Each structure stands twice: as C-alpha cells, then as structure tokens.
Amino acid sequence: MELFCFLFIFSLISSARVSCTSFNVIDYGAKGDEVADDSQAFLNAWNDACSSSSLRYPQVIIPENSTFLVNPLTFNGPCNSEYIYFQILGTIKAPSSPQSWDGHDASQWLAFKGVNGLKVEGGGIIDGQGKKWWDQSCRYHPDLKGCTKLAPTAMKFLSCNNSSLSNIHFISSPQTHALIFGCNGFNVSNVSVESPGDSPNTDGIHIHASHHLSITYSNISCGDDCISIGDYTSNIEINNVQCGPGHGISIGSLGKSGNFVQVEDIHVYNCTFNGTTNGARIKTWQTGRGYVRNVTFENLQLFLVDNPIIIDQNYCDVRGACKELASGVEISNVVYERISGTASRETAINLNCSRSVPCTGIRMESIDITAQGRWPLIVAMLADRKVLWCLGLVSNNNTH
Ligand SMILES: *[C@@H]1O[C@H](CO)[C@@H](O)[C@H](O)[C@H]1NC(C)=O
Ligand SMILES: *[C@@H]1O[C@H](CO)[C@@H](O)[C@H](O)[C@H]1NC(C)=O
Ligand SMILES: *[C@@H]1O[C@H](CO)[C@@H](O)[C@H](O)[C@H]1NC(C)=O
Ligand SMILES: *[C@@H]1O[C@H](CO)[C@@H](O)[C@H](O)[C@H]1NC(C)=O
Ligand SMILES: *[C@@H]1O[C@H](CO)[C@@H](O)[C@H](O)[C@H]1NC(C)=O
Ligand SMILES: *[C@@H]1O[C@H](CO)[C@@H](O)[C@H](O)[C@H]1NC(C)=O
Ligand SMILES: *[C@@H]1O[C@H](CO)[C@@H](O)[C@H](O)[C@H]1NC(C)=O
Ligand SMILES: *[C@@H]1O[C@H](CO)[C@@H](O)[C@H](O)[C@H]1NC(C)=O
Ligand SMILES: *[C@@H]1O[C@H](CO)[C@@H](O)[C@H](O)[C@H]1NC(C)=O
Ligand SMILES: *[C@@H]1O[C@H](CO)[C@@H](O)[C@H](O)[C@H]1NC(C)=O
C-alpha cells in the first residue's frame, strides 16, 4: 500500500527532486467521520511507514477537513529511515469517555516510543476531549467517589533523538498536553495549547530526562504550568512563548522522592505571561538532593501575574505539612534580567530559600515590576545577602 509521490522544487537557478513515500490513513481504511474508530488504520499506516526501508522520508498523512476518532495508541520505533514524518493536517480526536481507557494505560492517549528523527507537524488539531476527565478529577472533586488523579497525556514522546513537534494545535487534553521524556535533541515550535485556566493538571508541555531541547514561538493557555521542567534535564532553551492563563514556566517540583536532582543550563527568554499564577518559578522539595544550576530568565513581560519571580526551596504540596529538614536541592547561578510588567499581588519576588542548603549566585538586573495598587514587596530568605541590592531595582511607582 505504498503511494509514491514526487515533489519537484524549482527555482530560477536550480531544481531539486526529493522522493518521499506517503502512507495516508485513508488508504488504510480510516473514515475520518468523527464516529468510526480509526485506531487500527493509524497503526497500520504507521507500521508500514516505520518499516519502509529504502526510502528516506516516509510520511504518515492524516488528511485535512476530516476528524479522526482514535483510541489510546502507541506508535513504536525504531524505524528504518533516518527521518519519519507524521503530518497531521486534519483533526485527531480522543474518545470523550474515560471508560474508553479501560484496559489501557490511563496515563496516555497518543505516544511515540523509541523513534529517531520524528517530525510531527502539519497544522492540524489534537483534541483531547478532556471535559469528562476534568469533571471527575480528584483535584477539584476530592469527595467524588472514584475520582481520578491520573488522566491521559494527549501526546507523549518517549525515548527519542533528533525529533520535532511543530505547527500543531492542542486542545482540551485530559491532563498534560505534550510530554517529552527521555529525548535527546527535540524542537518544539509554532505550537499552540488551548485549555481552560481551571482545567485540572493540564500542563502545556512537560519535559523530563531530556537534553538539548527548545520550545519556541508557541502560545500556551492551560490550567497548570505552561511549561514544566522536570528532573534530569539540561540544555533547555525556551523563547517567544506566550503563557496564560496557566501557572507559568516552572522548574520543578524536584526531589520529592529524595532523589539526586540534576537540572542545568536552562535559558528562558523573550516570553510573556498574561494572568498567570506564576512567572519564572523554581520549586524543590527539602527531601531532595542534587542541583539546579545555571538558569537564566531574561526579557520577560508580565501582565497581572500573581507570583512573578519565585524560588521555593521548601516546596510542600500541602502547606505546613513538611517539617524543616537539613537536606535540600542546591540552587545556584540563577539570573533574572529585564523582567517587567505588573504583579497582581503585593509580593513581586519571593525567594524562599533553604536555611541548610541556601540558594547561591542569584543575580537580578533590571527588574521593573509594578504591583497593582500597592508597593511591591520582596521576600527573601537568603544566605547570600548580596542579592538584596536588587531591591533598589524594583520600581515602586503605584499605578493607582
Ligand atoms: C478543505 O476545506 C477547504 C475549505 O472548505 C477547501 O478550500 C479545501 O480545498 C479542502 N481540502 C481538501 C483536501 O478537500
Ligand atoms: C538515541 O541516541 C542514543 C545515543 O546515540 C542511543 O543510545 C539511543 O538508542 C537512541 N534512541 C533511539 C530511540 O534510537
Ligand atoms: C504555524 O502553524 C500554523 C498552523 O498551525 C500555520 O498556518 C503557520 O503557517 C505556521 N507558521 C509558521 C511560521 O510555520
Ligand atoms: C542527530 O542528528 C545529527 C545530524 O543529523 C547526527 O549527527 C546525530 O548523530 C544524531 N543524533 C542521534 C542521537 O541520533
Ligand atoms: C533543532 O533546532 C536547531 C536550531 O535551529 C537545529 O540546529 C536542529 O537541527 C533542530 N533539530 C531538529 C531535530 O529539528
Ligand atoms: C501566538 O499569538 C500571536 C498573537 O498574539 C500570533 O501572532 C501567533 O501566530 C500565535 N502563535 C501560535 C503558534 O499560535
Ligand atoms: C549555562 O547554560 C547555557 C545554556 O542556557 C550554556 O550556553 C552555558 O554554556 C552554560 N554555562 C555554564 C557555565 O555551564
Ligand atoms: C529577543 O528579544 C530581544 C530584545 O527584544 C531581541 O533583540 C532578540 O532578537 C529576541 N530574540 C529572539 C530569539 O526572539
Ligand atoms: C491578556 O489576556 C486578556 C484575557 O484573555 C486579554 O484580554 C488581554 O488582551 C491580554 N493582554 C495582553 C497584553 O496580551
Ligand atoms: C517559605 O516556605 C515555608 C515552608 O513551606 C513557608 O512556611 C513560608 O510561609 C514560606 N515563606 C514565604 C514568604 O512564602
């Protein structure tokens, strides 16, 4: 079932021919009528594309103007080609009922596992239909019998190299929209995420155990962190991301299980936060060990953000339930530069550092945050007193 296509690229001075092989889900029996279960067609198209050998660019095509209902699915690698494209032109829709996950792993809907050179793109829509999951989540309905803590992530990328996700619109995931786990070399760009600000645990993009990753030119509106950076991560670049509503761009929480945290070389710049609960956040548990180091937050615009700059080295998910410990995750060399805009509360900067493993090398420059109707406050518990000079850099001109 291989369809061959030839793409001719002409220009005035040269011409090139690239051969590609398309695996259109329609040719595998997908209906795209929003009703029929198209899962098997998707899997068959993937398996043929993934095992097609001699050609360099197999592409799975999900055509436009159609909506494909698909059950939980895993697209497994490794594939035979150096690159494989997953072109989502139309809409892929999850079943609306949580019962559809009976007998399946409730943590995921669509997953790519062990694939190299994967390119997911196409301008299409991933609709997680999360409403029924949200309505039964323990977070907002703790008294509901059979409430759920775990709901599917719309799209997971597990163990991959040299891959990318671009030009895709995610809506209403039951929980996290996209997870990148165990990947080396991953670019996310021109992606949008759209879920209500009160949808439970709907992180935009979560990164874990991944290196050399970028997230750029993307707009994220959701009910949890727009981007959350988990453990064992390094070389993460985030720029031109618009976050809001949501919980900001967060590193953590880290170290909950007492593990040795390793997070470093993170650069977040040219981003905006609109109506978010946090801006630039780092949170670690006192039970953790290890480090978070070399982090830069630069050139950020804030519009009515609850906690614009926050480090919480004493993080605890239930306020007051964690007693003070002599351990903690070391946080060092964190730079905040050119961060401006408005805070919605009076505390603009909160550096809640550990007494036993103090934050070091925190540098602030050109911070200009105005608290609405109040003088902004800075709360800092630091061994390194030098940081307090930043006080003078926070403007206190009230708006009204
Ligand atoms: C999809 O719909 C648009 C707008 O109706 C139309 O212009 C386009 O030709 C359609 N594409 C296909 C492949 O049918
Ligand atoms: C990714 O690259 C690493 C290092 O080269 C390799 O060990 C791993 O198997 C690769 N992953 C996949 C899915 O091929
Ligand atoms: C971004 O993605 C949209 C579709 O989601 C597409 O129309 C647009 O051309 C893309 N922009 C860039 C710069 O690739
Ligand atoms: C990623 O791609 C680059 C360039 O094509 C290649 O040199 C490198 O070996 C690839 N890395 C992995 C882990 O596949
Ligand atoms: C990711 O982006 C970088 C910088 O633009 C580029 O060098 C690299 O090849 C891209 N990798 C992938 C897998 O798209
Ligand atoms: C993000 O929003 C801006 C307008 O604020 C728009 O120009 C841009 O295309 C959007 N990008 C995506 C990926 O949706
Ligand atoms: C800090 O991280 C950046 C990437 O964000 C990297 O380019 C730089 O080399 C790192 N600096 C040190 C001292 O490791
Ligand atoms: C980031 O913003 C600065 C200042 O506005 C600008 O000079 C720079 O080109 C921007 N970089 C990116 C990658 O957006
Ligand atoms: C912030 O979001 C609100 C509500 O969505 C919108 O009306 C406003 O224009 C946004 N502000 C900025 C500066 O983007
Ligand atoms: C700092 O963290 C501790 C422990 O969670 C908490 O009791 C305290 O209120 C926090 N201080 C501020 C200023 O947020």
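These numbers come from a predicted model, not from an experiment. Sequence positions, counted from 1, serve as the residue numbers for this chain.
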Side chain [X], main chain [Y], donor-acceptor under 3.5 Å:
| X | Y | value |
| --- | --- | --- |
| Ser218 | Val191 | yes |
| Gln242 | Asn219 | no |
| Ser221 | Gly244 | yes |
| Ser210 | His208 | yes |
| Ser97 | Gln99 | yes |
| Ser327 | Gln286 | yes |
| Glu34 | Ser66 | no |
| Thr287 | Lys256 | yes |
| Gln313 | Val357 | yes |
| Asn47 | Cys50 | no |

According to a 4.5 Å side-chain heavy-atom criterion applied to Ile, Leu, Val, Met, Phe, Trp and Tyr, with indirect links allowed, do [X] and [Y] form part of one hydrophobic cluster?
| X | Y | answer |
| --- | --- | --- |
| Leu110 | Ile61 | no |
| Val60 | Leu43 | yes |
| Ile349 | Val292 | yes |
| Ile92 | Leu69 | no |
| Tyr315 | Ile229 | no |

Close side-chain approach of [X] and [Y], heavy atoms under 4.5 Å:
| X | Y | result |
| --- | --- | --- |
| Ser107 | Thr153 | no |
| Asp38 | Val25 | no |
| Val335 | Val295 | no |

Requested in this report: Starting from the C-alpha separation in whole Å, work towards a yes-or-no answer on side-chain contact (heavy atoms from CB on, under 4.5 Å) for Ile362 and Tyr336.
Outcome: CA-CA 8 Å; Ile362 312 290; Tyr336 299 92; 4.0 Å; yes
Assess, by modelled atom type and distance only, whether the side chains of [X] and [Y] contain a donor and an acceptor separated by less than 3.5 Å.
| X | Y | value |
| --- | --- | --- |
| Ser257 | Asn259 | yes |
| Asn239 | Tyr269 | yes |
| Lys131 | Ser199 | no |
| Asn187 | Ser214 | yes |
| Asp37 | Ser39 | yes |
| Ser22 | Asn24 | no |
| Ser172 | Glu194 | no |
| Trp285 | Ser253 | yes |
| His169 | Ser192 | yes |
| Asn314 | Asn352 | yes |
| Gln136 | Thr148 | yes |
| Asn190 | Asn167 | yes |

Query - Of Asp312, Asp225, Asn350, the residue whose pairing with Arg281 passes side chain to side chain donor-acceptor pair (under 3.5 Å) - result: Asp225
Query raised in the report: So among Ser228, Ser195, Ser173, which one has a side chain to side chain donor-acceptor pair (under 3.5 Å) with Asp203?
Result: Ser228
For the atom pair [atom1] ([X]) and [atom2] ([Y]), what is the distance rounded to the nearest 0.5 Å?
| X | Y | atom1 | atom2 | value |
| --- | --- | --- | --- | --- |
| Glu121 | Ser166 | CD | OG | 5.0 Å |
| Trp46 | Asn76 | CH2 | CG | 8.5 Å |
| Ile238 | Ile236 | CD1 | CD1 | 7.0 Å |
| Asn294 | Asp265 | CG | CG | 4.5 Å |
| Asn240 | Ile215 | CG | CD1 | 12.5 Å |
| Cys359 | Ile331 | SG | CD1 | 5.0 Å |

Write down the atom of [X], the atom of [Y], and the distance for their closest heavy-atom approach.
| X | Y | value |
| --- | --- | --- |
| Trp101 | Ala94 | CH2-CB, 4.2 Å |
| His211 | Ser234 | ND1-OG, 2.7 Å |
| Leu165 | Met155 | CD1-SD, 4.5 Å |
| Asn161 | Ser163 | O-OG, 2.9 Å |
| Cys160 | Phe186 | SG-CD1, 3.6 Å |
| Pro63 | Ile26 | CG-CG1, 3.5 Å |

Query raised in the report: Run the side-chain contact (heavy atoms from CB on, under 4.5 Å) check on Ile282 and Ile310 step by step: do they pass?
Result: CA-CA 6 Å; Ile282 302 178; Ile310 181 165; over 6 Å; no
Query raised in the report: Is the gap between the ring centers of Phe75 and Phe86 under 6.0 Å?
Result: yes
Report task. Evaluate the side-chain contact (heavy atoms from CB on, under 4.5 Å) criterion for residues Phe23 and Tyr28: first the C-alpha distance (whole Å), next the side-chain angles of each, then the deciding distance (0.1 Å), finally the verdict. Result -> CA-CA 8 Å; Phe23 301 84; Tyr28 288 83; 3.3 Å; yes
Please table the atom pairs, donor to acceptor, closer than 3.5 Å between any side-chain atom in residues 297-309 and protein atoms at least two apart or in another chain.
residue: Glu298; atom: OE1; partner: His267; partner atom: NE2; Å: 2.8
residue: Glu298; atom: OE2; partner: Arg338; partner atom: NH2; Å: 2.9
residue: Asn299; atom: ND2; partner: Asn270; partner atom: OD1; Å: 2.8
residue: Gln301; atom: NE2; partner: Ser340; partner atom: OG; Å: 3.4
residue: Asp306; atom: OD1; partner: Ser344; partner atom: OG; Å: 2.4
residue: Asn307; atom: ND2; partner: Thr277; partner atom: O; Å: 3.1
residue: Asn307; atom: ND2; partner: Asn278; partner atom: OD1; Å: 3.4

Query - Glu330 bridged to Arg293 by N-O distance under 4.0 Å - result: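 Answer for the salt bridge query: no.
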Report task. Considering only Ile, Leu, Val, Met, Phe, Trp and Tyr, and joining two whenever side-chain heavy atoms are under 4.5 Å apart, list the other residues clustered with Leu179. Result ->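 The other cluster members (ILVMFWY side chains, heavy atoms under 4.5 Å, direct or chained) are Leu158, Phe181.
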Query raised in the report: In terms of ring plane angle, is the pair His177 and Phe170 parallel, tilted or perpendicular, where the classes change at 30° and 60°?
Result: perpendicular
Query raised in the report: Parallel, tilted or perpendicular: which describes the rings of Phe157 and Phe112, with under 30° parallel and over 60° perpendicular?
Result: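 Plane angle under 30°, so parallel.
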Query - Criterion disulfide bond (SG atoms under 2.5 Å apart) on Cys243 and Cys271, from CA distance to verdict - result: CA-CA 8 Å; Cys243 169; Cys271 294; over 6 Å; no
Query - Val241 vs Thr216, side-chain contact (heavy atoms from CB on, under 4.5 Å): CA-CA, chis, key distance, verdict - result: CA-CA 6 Å; Val241 168; Thr216 61; over 6 Å; no
